[in-house]
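In listed order, ligands and their atoms are each counted from 1. Computed from heavy atoms alone, side chains included, the values below leave out hydrogens, waters and symmetry copies.
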Amino acid sequence: MTRLLLIGPPGAGKGTQATILAETFGIPAISTGDIFRANVANQTELGLKVKAIMDAGEFVPDDLTNAIVADRLREADAAGGFLLDGYPRTLDQVNELDRVLAEDGTALDAVVQIVADTEEVVSRLLKRAREQGRTDDTEDVIRHRMHLYAEQTAPLIDVYQKRDLVLSVDGLGEVSVVTERIRESLASRGITA
Ligand code: ADP
């Protein structure tokens, strides 16, 4: 049973690594960004609510985000562990995640921090924008997402550091190299697939 969380700035490669690690560990990757984007694409009630927020690079309100994750974590496939990507992003979300896990008498096993330089991630995101056309990948919106990350999400690393859960991994380099770094640092904590 492995309960992991990936944290790092937009463009650090969390989504890519989350998919690979989830496969390796046989646990679901739960990405709030993916959940929201799927709802926007399908024009669900939730999607209609969050589209403008996402396009502006703002955070979806905590109550909405928390409810979605709590529901997702109650699905059967998450009972054997999970890997969260893009959640929690605020202190309120940390508290809510703690509460939901405590209900089951569980807690996180590790928080993997993917470290990447701001200019490097901005240029990666601009490249992704040209290739995939994500609507929140314009330069202004990217800068705003980076700002919100630094202001609201980076402080969560201290919170998890106090619990001795953080493993910092250099996010620069090839995908497979970064995956190997993550696997090694998890293994150093006795967390293996
Ligand atoms: P990135 O990490 O590249 O910014 P994500 O796919 O994780 O992208 O998120 C895309 C957007 O979805 C965010 O800019 C935000 O609007 C919304 N979002 C995702 N996760 C959360 C969250 N935990 N809290 C609030 N909003 C979120």
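Close approach of ligand 1 to R37 (heavy-atom distance below 4.0 Å) involves ligand atoms 6 (O), 10 (C). Ligand 1 places these atoms under 4.0 Å from at least one heavy atom of K14: 2 (O).
Heavy-atom distances between R134 and ligand 1 reach below 4.0 Å in at least one pair.
Side-chain contact check for S168 and Q113: at least one donor-acceptor pair (N or O, by modelled atom type) lies under 3.5 Å.
For ligand 1, one of its N or O atoms has an N or O atom of V60 under 3.5 Å away. Close N/O approach between D34 and ligand 1 is not found [any backbone or side-chain N/O within under 3.5 Å]. When only interatomic distances are considered, the shortest N/O to N/O separation between S31 and ligand 1 does not fall below 3.5 Å.
Here F59 has heavy atoms under 4.0 Å from ligand 1 in both its backbone and its side chain.
At least one side-chain heavy atom of V112 sits less than 4.5 Å from a side-chain heavy atom of L186. Here the side chains of L5 and L165 are not in contact, with every heavy-atom distance at 4.5 Å or above.
What you find for A150 and P155 is that their closest heavy atoms are O-CD, 3.7 Å.
E96 has a carboxylate O that lies under 4.0 Å from a charged side-chain N of R99, or vice versa, which qualifies the two as a salt bridge.
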